[in-house]
Each structure stands twice: as structure tokens, then as C-alpha cells.
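To keep things clear, I will list the structure first and then write my remarks on it.
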Amino acid sequence: MPYYESWDVFYQKAEELFRADPLNTRYVTKYRHCDGKLVLKVTDDRVCLKFRTDQAQDLKRLDKLNQLFFMLTVHGEITDSAVAALASEPAAPTPASPKVGGSKGKGAFAASGAVEKKKQRGRRQ
């Protein structure tokens, strides 16, 4: 299966494919660190669309494709104006998670007390 050269064409075809058969359409992302290439594949087992890139800025485009598929999955049919707003809207930055605990080797799981409770249960047995 040949790869699409243009992101816009790939995005449009992927959207059409998902709208045509949302229950059977899926997509796969594959990143090869040794090559520095990201491959996206959208398929419904009859049609297979592929896009390959080595540009870091295309990760934002991947995020927009994720958002589109999530919106279509959750809301069903959405209007073209909502899709256009999604395409023009910059991806929201993810907030940094606050650090919990301060000592080395303790993360949020350890700071929540779960590790201590587990240790206490182990002592009782």
C-alpha cells in the first residue's frame, strides 16, 4: 500500500473512512526510533491508508487526528464547522503533573501511602 505524501489528503481520506464505518475503522501509530520515522495507518480491513513522516511538527497533526476520531466516537456525527474549528485550533498544552513526595525513588504511587499499606499487610502475614 503506497503512502500518502500530503497530510491534508491523508487527513481527509481518514475522516471519510471513519465516518463511513466507525465501528470497524481503526488506526495504528508506529514509531521506529532507529529511523526516526512515524507511520500512521488507518484501515477498515478493506481500505488501508498510510502516512509516513520524520518531522517532529507532525506530532501536532497526529494529535488533531486523535481529537477528530475521539470526537466522532463520543458525539457520533459532528458538523463540518466543528471539524474546521478542530483543525484551526492549536492543540492544548498538557499541564505538568505536580511532583508528589520529595525523596528519591518515591513517585505519586509511593506518596499516596499505597506502598506503606502494602508493606504493613506483608508484615501481618
Side-chain angles (χ1 to χ4, degrees):
M1 176 67 30
Y3 291 93
Y4 281 88
E5 297 292 324
S6 168
W7 170 260
D8 296 327
V9 174
F10 174 77
Y11 184 86
Q12 180 184 8
K13 295 285 187 180
E15 180 183 355
E16 289 172 7
L17 188 64
F18 192 86
R19 285 180 185 260
D21 192 6
L23 295 178
N24 292 322
T25 303
R26 63 188 184 280
Y27 73 101
V28 178
T29 59
K30 181 169 63 170
Y31 178 72
R32 290 182 44 96
H33 182 70
C34 61
D35 297 338
K37 296 208 186 275
L38 175 70
V39 177
L40 304 172
K41 181 170 100 170
V42 180
T43 184
D44 67 351
D45 292 330
R46 289 177 300 229
V47 178
C48 182
L49 311 171
K50 287 184 172 184
F51 180 77
R52 176 177 44 199
T53 184
D54 58 356
Q55 303 296 316
Q57 66 217 25
D58 287 337
L59 291 177
K60 289 184 181 180
R61 292 177 173 174
L62 169 63
D63 189 37
K64 287 181 184 176
L65 185 68
N66 264 341
Q67 289 178 2
L68 173 72
F69 285 170
F70 286 148
M71 283 179 60
L72 286 171
T73 301
V74 171
H75 297 293
E77 191 63 30
I78 59 174
T79 63
D80 290 332
S81 61
V83 172
L86 176 66
S88 65
E89 175 183 303
T94 56
S97 61
K99 287 196 170 195
V100 180
S103 61
K104 186 175 180 180
K106 288 189 176 180
F109 183 71
S112 69
V115 172
E116 291 299 320
K117 290 175 188 173
K118 194 171 185 180
K119 285 180 184 176
Q120 289 173 359
R121 270 188 265 143
R123 287 184 210 145
R124 283 188 238 155
Q125 295 175 354

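No hydrogens, no waters, no symmetry mates; every other heavy atom, side chains included, goes into these values.
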Fill in: Which residues share a ring pair (Phe, Tyr, Trp, His ring centres under 6.0 Å) with F18, sequence neighbours left out
F69

Discussion item. Can you tell me how far apart OH (Y31) and CG (D54) are? Round to the nearest 0.5 Å.
Written reply: 9.5 Å

Item to complete: List, by chain and then residue number, the residues other than V28 in its hydrophobic cluster (Ile/Leu/Val/Met/Phe/Trp/Tyr, side-chain heavy atoms under 4.5 Å); write none if there are no others.
Response: none

Practice prompt. Nearest 0.5 Å please: distance from the CZ atom of R52 over to the CZ atom of R32.
Written response: 11.0 Å

Worksheet item: Side-chain heavy atoms under 4.5 angstrom apart, residues restricted to Ile, Leu, Val, Met, Phe, Trp, Tyr: same cluster for L62 and V39?
Response: no

Worksheet entry | From L40 atom CG to Y3 atom OH, the distance as rounded to the nearest 0.5 Å | 10.5 Å

Practice prompt. Locate the shortest heavy-atom distance separating D44 from V47; write the atom from each residue and the value.
Written response: OD1-N, 2.8 Å

Discussion item. Side-chain heavy atoms nearer than 4.5 Å, only ILVMFWY residues, links allowed to pass through others: does that put L23 and V42 together?
Written reply: no

Worksheet item: Does the side chain of N24 reach to within under 4.5 Å of the side chain of D45, using non-hydrogen atoms?
Response: no

Worksheet item: More than 12 non-hydrogen atoms from neighbouring residues, nucleotides or ligands closer than 6.0 Å to CZ on R26, yes or no?
Response: yes

Worksheet item: Does D58 have any side chain to side chain contact (heavy atoms under 4.5 Å, CB included) partners at least two apart in sequence or in another chain, and if so, which?
Response: F51, T53, Q55, R61

Worksheet item: Could you give the distance from CZ (R19) to CG (L68), rounded to the nearest 0.5 Å?
Response: 7.0 Å

Fill in: Rounded distance (nearest 0.5 Å) linking atom CG of L17 with atom OG1 of T43
7.0 Å

Discussion item. Can you give me the closest heavy-atom contact between K13 and Y4, atom names plus distance?
Written reply: CG-OH, 3.9 Å

